[in-house]
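Here's the structure, in structure tokens; my notes come after.
Since this is a predicted model, take the numbers as computed values, not measurements. Order of appearance sets the numbers: ligands from 1, and atoms from 1 within every ligand. Position 1 is the first residue of the sequence; numbering continues from there.
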Amino acid sequence: MSKANGDDRDLSKKFDAGDGVRLKDGTVLPKLGQGTWHMGDQPSRRKEEIRSLRLGVELGMKMIDTAEMYGDGRSESLIGEAIQGIREQVFLVSKVYPHHAGLKHIARSCDNSLKRLGTDSLDFYLLHWRGNVPLGETIEGMERLKEAGKIRRWGVSNLDTRDMKELLSLENGTECAVNQVLYHLGSRGIEFDLLPHAQNNGIPVMAYCPLAQAGTLRDGLLRSEAVRDIADHHGIKPFQLLLAWCIRHARVIAIPKASTEDHVRENAAAALVKLTDADLARLDRAFPPPSRKMPLDIV
Ligand code: NDP
């Protein structure tokens with residue numbers, strides 16, 4: 001494994017975005033990364049998608065998230081092409097299907113992802129969602145991959161509080177280094193107990209769909225007067241406000257997907273936006289935080 005890909009890297013350097021998020025092993029990550037779901041699906045957009053990802057890395061969004069599921073490996077192959085020559089600058093995340101997360105399949109799934117990505121190790125390998133394989137078996141598989149040098153760390157995705165408590169109670173469960181869950185201004189359920197539980201246990205949360213899939217996941221989000229007024233006041237676009245809002249928490253990383261260079265530039269700039277207490281209070285009135293346990297939203 002290359003040294004540049006080792007622990008204790010500070011990938012937030014040269015990224016003027018505040019403190020970044022420190023992982024348990026000391027690695028510091030910028031608070032904005034890049035999603036890739038549906039990238040690689042349309043051959044005609046491939047070149048622009050690759051340019052966008054490379055620009056995102058240049059602008060500091062060094063974490064790239066993917067999954068074996070995305071386009072049946074097409075997204076991983078596209079990323080493999082995009083990171084040629086810049087692998088050491090990138091923090092690479094992939095996810096294993098739940099039905100591949102047992103001891104019988106996980107090593108092969110990981111090898112296939114590595115091959116498509118053109119690298120010898122992943123920085124994060126996540127269980128995509130909980131399936132029928134016992135969590136303890138997935139942990140063992142992940143730990144073996146770590147020992148083999150194929151992954152640096154592992155984590156989970158779409159696990160709600162009860163699942164997280166179970167995970168942490170299992171042998172090596174506390175090695176879990178991240179939970180990737182849906183989080184945006186229009187879907188705040190995790191703030192009730194999942195986010196506090198993660199924060200108390202030193203587990204960063206990676207927010208997926210931080211732009212509510214360009215607003216489509218929540219009716220009225222982009223038409224909201226509060227969102228539009230506050231964005232105007234800061235001289236930013238509503239999408240930038242959504243990102244700034246997401247990463248206002250310590251230890252929350254957001255991974256917007258953008259496949260045009262203009263969108264990438266806007267998203268990267270959102271890391272510099274500081275929302276005031278008055279802004280946050282107004283957004284709370286428009287999109288109230290949860291007052292009771294909500295089931296975890298997934299897409
Ligand atoms: P996002 O909330 O990131 O929204 C993506 C959409 O927003 C795209 O249509 C994109 O358009 C558009 N967009 C991006 N930036 C801008 C901008 N500045 N202005 C206007 N529109 C913009 O949705 P995703 O579902 O992609 O979620 C992000 C990532 O999270 C995924 O790509 C994936 O990596 C991960 N994910 C993980 C899941 C899990 O189960 N663990 C589930 C879902 C997502 P365009 O592409 O044209 O730029």
Side-chain angles (χ1 to χ4, degrees), residues 32-42 44-53 55-56 59 61 63-71 73-76 78-79 82 90-98 101 113 117 122 124-131 154-160 163 178-187 190 194 204-218 221-222 227-228 231 236-247 252-273 296-299:
L32 286 176
Q34 304 185 77
T36 64
W37 195 13
H38 298 303
M39 278 195 186
D41 287 358
Q42 294 179 53
S44 60
R45 299 199 65 182
R46 186 177 186 86
K47 281 196 176 138
E48 190 173 17
E49 288 169 346
I50 288 176
R51 273 200 308 272
S52 302
L53 281 173
L55 175 66
L59 296 178
M61 298 191 292
M63 175 188 287
I64 298 182
D65 175 73
T66 185
E68 63 174 338
M69 186 189 96
Y70 298 167
R74 280 195 302 272
S75 153
E76 289 180 328
L78 181 139
I79 293 166
V90 173
F91 191 95
L92 209 45
V93 184
S94 193
K95 301 189 277 296
V96 61
Y97 268 126
S113 289
L117 288 160
L122 291 172
F124 262 143
Y125 199 33
L126 314 185
L127 169 64
H128 206 149
W129 65 91
R130 186 171 185 175
W154 61 267
V156 293
S157 177
N158 295 306
L159 259 59
D160 207 343
D163 291 327
V178 77
N179 188 9
Q180 182 180 113
V181 292
L182 186 149
Y183 184 51
H184 58 77
L185 178 62
S187 175
I190 67 165
L194 183 60
V205 162
M206 207 186 284
Y208 75 70
C209 300
L211 302 171
Q213 295 192 332
T216 57
L217 294 180
R218 174 69 200 256
L221 192 58
L222 294 172
V227 168
R228 302 193 78 85
I236 58 173
K237 302 233 168 116
F239 285 115
Q240 293 177 299
L241 179 141
L242 294 185
L243 290 181
W245 179 88
C246 242
I247 58 172
V252 173
I253 300 166
I255 48 167
K257 174 252 183 183
S259 41
T260 72
E261 290 178 275
D262 286 348
H263 285 171
V264 166
R265 280 197 190 86
E266 284 176 11
N267 295 348
L272 302 174
V273 176
L296 186 59
D297 257 355
I298 35 182
V299 287

Which atoms from ligand 1 have a heavy atom of [X] less than 4.0 Å away?
| X | answer |
| --- | --- |
| His128 | 39 (C), 40 (O), 41 (N) |
| Gln180 | 37 (C), 38 (C), 39 (C), 41 (N) |
| Thr260 | 48 (O) |
| Pro256 | 3 (O) |
| Ala214 | 4 (O), 6 (C), 7 (O), 9 (O), 12 (C) |
| Ile255 | 28 (C), 29 (C), 30 (O), 35 (C) |
| Val299 | 42 (C), 43 (C) |

Which residue supplies the protein heavy atom nearest to [atom], what is that atom called, and how far is it?
| atom | answer |
| --- | --- |
| atom 23 (O) of ligand 1 | Gln213 CG, 3.4 Å |
| atom 44 (C) of ligand 1 | Tyr208 CD1, 3.6 Å |
| atom 5 (C) of ligand 1 | Lys257 O, 3.5 Å |

Notebook entry, point to check: What are the two closest non-hydrogen atoms of Val227 and Leu221, and how far apart are they?
Noted result: CG2-O, 3.6 Å
Notebook entry, point to check: Which atom pair, heavy atoms only, marks the closest approach of Ser113 to Glu68?
Noted result: OG-CB, 4.0 Å
Check: For ligand 1, which part of Ser52 has a heavy atom less than 4.0 Å away: the side chain, the backbone, both, or neither?
Finding: neither
